[in-house]
Amino acid sequence: MPSAAFAQDSAADEAEAVEDGAIVVTGFRASLETAVNKKKTSELIVESISAEDIGKLPDASIAESIARLPGLTSQRLSGRSNSISIRGFAPDFSTTLLNGREQTSTGDNRAVEYDQYPSEVVSQVNVYKTPMASLIGQGLSGTVDMRTIRPLDAGKQILTVGARGSYADLGKLNAGSKDFGYRVNALYVDQFANDTIGIALGASYVDEPYQIQEFNAWGYPSAGTAGAVIGGSKSYVTSTQLTRFGLNGTLQWKPSSTFTTTLDAFYTDFKDDQIKRGIELPLYWSAATLSNTQSSNGFVTSGQFNGVKGVVRNDVFQRNAKLYSFGWNNKYEGDDGWKAMLDLSYSKTDRNELNLESYSGTGRNAVGATDTIRFTSGTQGTVFSPTLNYSDYNLILLTSPQGWGGNQIAPNGTSIVNGQDGYYNDRIVKDQIWQARAEVSKDLDGFISSVQFGGNYTDRSKNLVPDEYFLGLAANTNGTTSVAVPSQFRLGSTNLSFLGLGPMISYDPLALLDAGIYKLVPNAYGDVRVKSYSVSERILTPYLQANIKGTLGSADLTGNIGVQANFTEQKSVGATAVFLGTLPNGAPNIGAATQSDTTRYTDVLPSLNLSLRFPSDFVIRFAAAREIIRPRMDDMKNSLSFGYTITPNPASPGNFIANITGGSGNPDLRPWRANAIDLTFEKYFGTKGYVALQLFYKDLQSYIYNRDVIIPTSELVLTPPNQANVTLSPNAVLNIPINGEGGELYGVELAGTLPFDTFSQALSGFGITGGVSYTETKILPNPGGKAEDLPGYSKWVANGTLYFEKGGFNVRGSVRYRSTFVGEVSGFAANRVRRRAAPEIIVDAQIGYDFQEGSPLHGLSLYIQGQNLTDEPFITTNPGDVRQVIDYQRYGRRFLAGFNYKF
């Protein structure tokens, strides 16, 4: 029998109902039919994907499955799809719900990172591209709602177990890393007390490696007549070990035919441990000299740098996030048409991100051998040919090869001398949401079929506390000491052959820190103090919605019209660093002037959704709405950082002016706002398939962008420069996020799911699903400036899956494409860096077999998957010249084999 948990609503049950002797559709085809039926019966414009069986989505992760839906795509991080873009908008413009409830995030903003959610505990994902008044937490580009199984709806006892192994074909790039991994999962569903009590318990554990080859260029300055040349390189091989333990539980009680209470709990413990080893090469932007160049059309394609002082890096990045989500729903459905609902929920994420840098080289600062390095630059980055042996533990020592940081004395008296030997940055982030919602509705006779009235209250807070230190060698008390890696900490060598650099020394910097080889020197400077912030929001959302059901000629007219209001109070607490002088031990005494601001605003959001349903299974939909998405939470931080630029005073020769420049968040930010219209034409073939033409237009009434603003210096808490002949400028220039006018975004989507037996029974079992989207944008975030692309915007997005499924055999191949886009990558201290990314084509495939009824192994499914089969790289470049590669990352292919068994 097919699983009854393909979907969360009765429509799915209809899609799976069969008569005795009928052919039962199972597996991937059944999941497609459920998704088609969800789209057909919904009053919103929605894309949907369902588990093809209990505990088994069609892909290895939720994000990869969602990225195959029409109009959606993903950006890869460390080789994984973990964020989703809808209709050309970055993840910041959408929201994600779990069982209809807002969720905290493991990122610095609101966007959910989907690798937090085990695919085995999710039975359906709905992506709503249009809003309605009763949809709480809606986004501007769309709303993603992940659904877990409801045990009373399942209607029978289910027990499934599954496991899979994975292999990363780049191999073990770092000493001590892995290339094989695994995941296991189990789910139990049952009903008791005459089907009045239901329980669902799910668990998943993942332990999988990811390997990455990363080329990164500092940039491409002009080398005179030779043209643009690589300024420096910071490239690595990165090995990631991802572990995640997830638990999900649902308890339902239906004491009467009119009342149901449901308790949900969800928990994940997510760890992302990375070791990054590479060699940072200061080249043109250093004391090194350039010679023997060859150029082509203003770009240096090869040459030689002399006197290069490389920095050998053994860095650690550890990310640990724990996510808790609880919900309690109470639903009353009276026989007289009255209905009521009360829903209470809580979501919390605690996150630590440790970035530990460790340096080594031939000697401290100006001491030690330099390298002569030949290089060749092209569309895959730069390949080097050095003369030094970076795997020689007698040559490459723990030290500060460039003398970065100079001399530093901390308030506690510890110090570094003649350069830091690394850096320790631990970011501590807490995010929590309390939410309460109540609704009353009444079924009516007539054109207005029912009316819903309700309200929601959301209380969210997010805060960041940085903990940063200079890393210094305990033995370096005189500013000249370098230390060989002790033999017990040596891990052999790591090969950088993809860069041409050969092997390099390898060690675990955390082990050296624990052993006392390194010491931590607190960084008490103002740029650290002002990174800390706290942002909170309180949002009251009343809404009123009327649902429509009538006829127009031979067609049925359904839909809804309503209005939602957002009464928002947002508060932001941050600080400005204040220099209070020098402590007796010589350390800077940095204080903080706390800043706290509260702002209130109201948004009124009307919405209309209409569906004209013809007897021929043809549906025309029209939607119009006012849409918003609240600002990035890190843009709302109430923190100010600044610095002085000393210039001669033209009005007073011999004296100078201290010009103040800096940056700040903006606690007074308002949301992005847009007026949106959608029009779709859909043709269905029962619940088997459909084709759809979807048109949309969004008029952005506001947009958030960064702009330099001038404010009086008197409004800042400043200490004048400690020089008698330097005066403060009367004005300061600060770069801050502000609200401005937006622009337009519009496009067309062609989507469909077509089983080929719709046209001929000879093609039974074959089918195709997917879509192609074209989006245009005219965004003018900077008044008077040129048009810019939204982050995450690709003009073309396409995906398709060709499948065959019959007699237990199933084969499918998938392709997804996105044109060039502005992607966000993580810089030092986890700050956002936007870069132009190259187009991508990702190819995946799967083959499997489901043992059929009558077989002693009935219920067992076996499968093999291949991901990123063409080894598609992630590439970013400087605008205007694809040869100026900033990032070139290879993730390799991944192969997976596993089983799922349903008792």
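Along the sequence shown, residues are numbered consecutively beginning with 1. Hydrogens, waters and symmetry mates are skipped; everything else that's a heavy atom, side chains included, is used.
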Any side-chain donor-acceptor pair under 3.5 Å between [X] and [Y]?
X      : Y      : result
Asp556 : Thr558 : no
Asn126 : Asp145 : no
Asp844 : Gln867 : no
Thr34  : Ser50  : no
Ser450 : Asn547 : yes
Tyr863 : Gln865 : no
Ser85  : Thr73  : no

Examine distances only and state if a side-chain atom of [X] and a backbone atom of [Y] form a donor-acceptor pair shorter than 3.5 Å.
X      : Y      : result
Thr753 : Thr769 : no
Ser325 : Phe266 : no
Ser42  : Leu44  : yes
Ser105 : Ala111 : yes
Gln138 : Met132 : yes
Gln852 : Asp850 : yes
Asp350 : Lys322 : no
Lys39  : Val46  : yes
Glu749 : Pro70  : no
Thr130 : Ile45  : yes

Salt bridge present between [X] and [Y] (N-O < 4.0 angstrom):
X      : Y      : value
Arg613 : Glu43  : yes
Arg319 : Glu113 : yes
Arg164 : Glu208 : yes
Glu102 : Arg110 : no
Lys271 : Asp207 : no
Asp431 : Arg460 : yes

Please determine whether side chain to side chain contact (heavy atoms under 4.5 Å, CB included) holds for the pair Arg437 and Arg101, giving the CA-CA distance in whole Å, both sets of side-chain angles, and the decisive distance to 0.1 Å. CA-CA 10 Å; Arg437 180 180 178 183; Arg101 304 169 182 125; over 6 Å; no
Calculate, to the nearest 0.5 Å, the distance between atoms [atom1] and [atom2] belonging to [X] and [Y] respectively.
X      : Y      : atom1 : atom2 : value
Asp190 : Asp195 : CG    : CG    : 9.0 Å
Leu69  : Asn799 : CG    : CG    : 7.5 Å
Lys129 : Gln694 : NZ    : CD    : 4.5 Å
Asn248 : Asn185 : CG    : CG    : 12.5 Å
Leu201 : Leu251 : CG    : CG    : 9.0 Å
Ile199 : Leu263 : CD1   : CG    : 10.5 Å

Side-chain touch Thr250/Ile149, heavy atoms, less than 4.5 angstrom: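 No, every pair of side-chain atoms sits at 4.5 Å or beyond.
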Is the shortest heavy-atom distance from the side chain of Val797 to the side chain of Leu72 under 4.5 Å?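 No; the side chains remain at least 4.5 Å from each other.
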Do we get Arg894 above Tyr210's six-membered ring, with its NZ or CZ under 6.0 Å from the centre and within 45° of the axis?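 Output yes; distance and angle both within limits.
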Looking only at heavy atoms, what is the nearest atom pair of Ala203 and Leu247, with distance?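 Result for this residue pair: CB-CD2, 3.7 Å.
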Ignoring hydrogens, what is the shortest heavy-atom contact between Lys549 and Ser449? Give both atom names and the distance.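 The answer is CB-CB, 3.8 Å.
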Verdict with reasoning, Lys40 to Tyr690, per side chain to side chain contact (heavy atoms under 4.5 Å, CB included): CA-CA 9 Å; Lys40 181 179 180 180; Tyr690 79 99; over 6 Å; no
Verdict with supporting geometry, Asp617 and Lys683, side chain to side chain contact (heavy atoms under 4.5 Å, CB included): CA-CA 6 Å; Asp617 263 357; Lys683 168 60 180 175; 4.2 Å; yes
Look at the rings of [X] and [Y] and say which category their plane angle falls in: under 30° parallel, 30 to 60° tilted, over 60° perpendicular.
X      : Y      : result
Phe89  : Phe93  : tilted
Phe756 : Phe766 : parallel
Tyr267 : Tyr324 : tilted

Option among Lys331, Lys254, Gln252 that satisfies the side-chain hydrogen bond (donor to acceptor under 3.5 Å, both in side chains) test with Thr262: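 Among Lys331, Lys254, Gln252, the one that satisfies the side-chain hydrogen bond (donor to acceptor under 3.5 Å, both in side chains) with Thr262 is Gln252.
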I'd like to know whether Asp678 forms a salt bridge (charged side-chain N to carboxylate O under 4.0 Å, His left out) with Arg87, so could you lay out the CA-CA distance, the side-chain angles of the two residues, the decisive distance to 0.1 Å, and finally the verdict. CA-CA 12 Å; Asp678 286 76; Arg87 286 184 162 175; 2.6 Å; yes
Applying side chain to side chain contact (heavy atoms under 4.5 Å, CB included), run through Val36 and Lys688 and close with a yes or a no. CA-CA 7 Å; Val36 170; Lys688 286 186 175 183; over 6 Å; no
Pick one: which of Thr148, Thr96, Val112 meets side chain to side chain contact (heavy atoms under 4.5 Å, CB included) with Tyr117?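 With Tyr117 as partner, Thr148, Thr96, Val112 yield a single side chain to side chain contact (heavy atoms under 4.5 Å, CB included), made by Val112.
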